[in-house]
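For reference, the structure is listed below as structure tokens.
Along the sequence shown, the residues carry numbers beginning at 1.
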Amino acid sequence: MTDQVPAHDMRIETGRGAIFVRVFWRETSLETAPAPIVLFHDSLGAVDLWRSFPQALAATTGRPMIAYDRLGFGRSDAFPGALPADFIAAEGHDTLPLLQKAFGLTRFIACGHSVGGGMAVETAGQYRESCLAVVTMGAQAFIEERTLDGIRVARSAFQQPEELARLARYHGDKARWVVDAWTETWLSPDFAGWTLDAALAQVACPLLAIHGDADEFGSDAHPGRIAEGRGRAVLLPGIGHNPHREAEAPTVALIADFLAGLDG
């Protein structure tokens, strides 16, 4: 497919509120489509913040893209209360079944950025029979001081009204909750022991870990740990925390090449 891939929007009820979902595909039904790529966004993310990446990846891979705003983010409803400490693992348990039901998914590819990469890994481990591959971009595998330092800088920046207003363009009146859900969760002593190790041990499909060597939220120890013994790590020179935005074309090409041999 070389033309722009159409986008279709919908809302799915979760029982705690509705989530906003955007599907990039030439048809509204995915019944006869190849296995779609499900996108898991980062801690401040939303469908609109993926920008042109889903369109480019859909066009290059010939696969549908399913992007959604997690509950509490973007155009989805507010999250009921504080973000739970197990929110990374819970995303697969809570949301993937809803997507499977809505689109009749029997197979899928999990792709996530930053904490969304952790969610992609957790989901791949939870759905070993139906997840064909997993891709992470700028993902963390454990708590590193470099990550916490970056979050502290961001927390301070978001005390400025203009910075919060910039985020509110995507999250509306949920913007402060979004910032606090990120910074206060990751900086909490209760979260200090978190790792992806148990989830990684459950992954049974091919894995690609993409990381920028200038990532301010994590060293190259993260992609190394994610890919060790189970996949491939790629370090992009001069790229920071957002490979899909800072180096969209090379990132899309890497993912397309990785997925090219999949049966499904």
Side-chain angles (χ1 to χ4, degrees), residues 10-23 36-47 49-50 54 65-103 105 107-143 170-171 174 177-186 188 190-191 194-205 207 209 217 222 226 244:
M10 63 184 296
R11 295 178 71 80
I12 297 176
E13 181 56 53
T14 69
R16 297 179 297 168
I19 57 171
F20 172 77
V21 183
R22 176 168 291 161
V23 179
I37 300 172
V38 178
L39 292 178
F40 298 86
H41 65 70
D42 62 281
S43 292
L44 300 181
V47 168
L49 283 165
W50 287 110
M65 308 290 296
I66 301 175
Y68 71 97
D69 294 336
R70 299 202 308 272
L71 201 63
F73 297 79
R75 299 188 221 184
S76 291
D77 289 344
F79 192 92
L83 198 66
D86 66 345
F87 74 103
I88 298 175
E91 195 61 29
H93 292 303
D94 295 344
T95 306
L96 204 281
L98 302 176
L99 299 178
Q100 287 178 314
K101 181 178 180 180
F103 300 109
L105 301 186
R107 295 182 294 179
F108 67 94
I109 294 153
C111 176
H113 169 235
S114 192
V115 73
M119 292 172 178
V121 169
E122 288 278 5
T123 302
Q126 293 167 21
Y127 298 87
R128 291 164 59 95
E129 301 302 319
S130 51
C131 187
L132 299 181
V134 59
V135 178
T136 68
M137 300 176 292
Q140 300 86 20
F142 57 94
I143 302 297
Y170 301 98
H171 302 288
K174 301 187 297 294
W177 181 92
V178 167
V179 171
D180 291 345
W182 174 38
T183 60
E184 303 317 298
T185 299
W186 282 80
S188 168
D190 294 337
F191 202 65
W194 172 83
T195 77
L196 269 184
D197 291 347
L200 286 166
Q202 296 301 312
V203 174
C205 60
L207 184 150
F217 291 103
H222 293 280
I226 291 170
H244 60 294

Can you say whether the rings of His222 and Phe142 are parallel (under 30°), tilted (30 to 60°) or perpendicular (over 60°)? parallel
How many angstroms lie between atom CD of Glu13 and atom CD1 of Ile19, to the nearest 0.5 angstrom? 9.5 Å
Which is it for Ile88 and Trp194 under the side chain to side chain contact (heavy atoms under 4.5 Å, CB included) test, yes or no, and what are the steps along the way? CA-CA 10 Å; Ile88 298 175; Trp194 172 83; 3.6 Å; yes
So, does Glu91 use its side chain to make a donor-acceptor pair with the main chain of Gly116 at under 3.5 Å? no
Hey, what do you get for CG (Leu105) to CG (Leu96), rounding to the nearest 0.5 Å? 7.5 Å
Say whether, by atom type as modelled, one donor and one acceptor occur between the side chain of Tyr127 and the main chain of Gly92 under 3.5 angstrom. yes
From CG (Asp180) to CG (Leu83), nearest 0.5 Å: 11.0 Å
Trp182 and its ring-ring contact (aromatic ring centres under 6.0 Å, His included) partner, picked from Phe191, Phe217, Phe87, Trp177: Phe217
Going from CG on Leu71 to CZ on Arg16, what distance comes out if it is rounded to the nearest 0.5 angstrom? 5.5 Å
Can you measure from CD (Gln140) to CD1 (Ile226) and round to the nearest 0.5 angstrom? 8.0 Å
Between CG of Leu98 and CD1 of Ile12, what distance do you get to the nearest 0.5 Å? 6.5 Å
Side chain to side chain contact (heavy atoms under 4.5 Å, CB included) between Cys111 and Leu39, intermediate numbers included: CA-CA 5 Å; Cys111 176; Leu39 292 178; 3.9 Å; yes
Whether His171 side chain and Phe73 backbone form a donor-acceptor pair below 3.5 Å: no
So, applying salt bridge (charged side-chain N to carboxylate O under 4.0 Å, His left out) with Asp77, which one of Lys174, Arg70, Arg11 is it? Arg11
Could you check whether any side-chain N or O of Asp69 sits under 3.5 Å from a backbone N or O of Phe20, counting only pairs where one atom can act as donor and the other as acceptor? no
Between Cys205 and Cys131, the two heavy atoms sitting closest are CB-O, 3.4 Å
N/O donor-acceptor pair under 3.5 Å between Ser76 side chain and Gly72 backbone: no
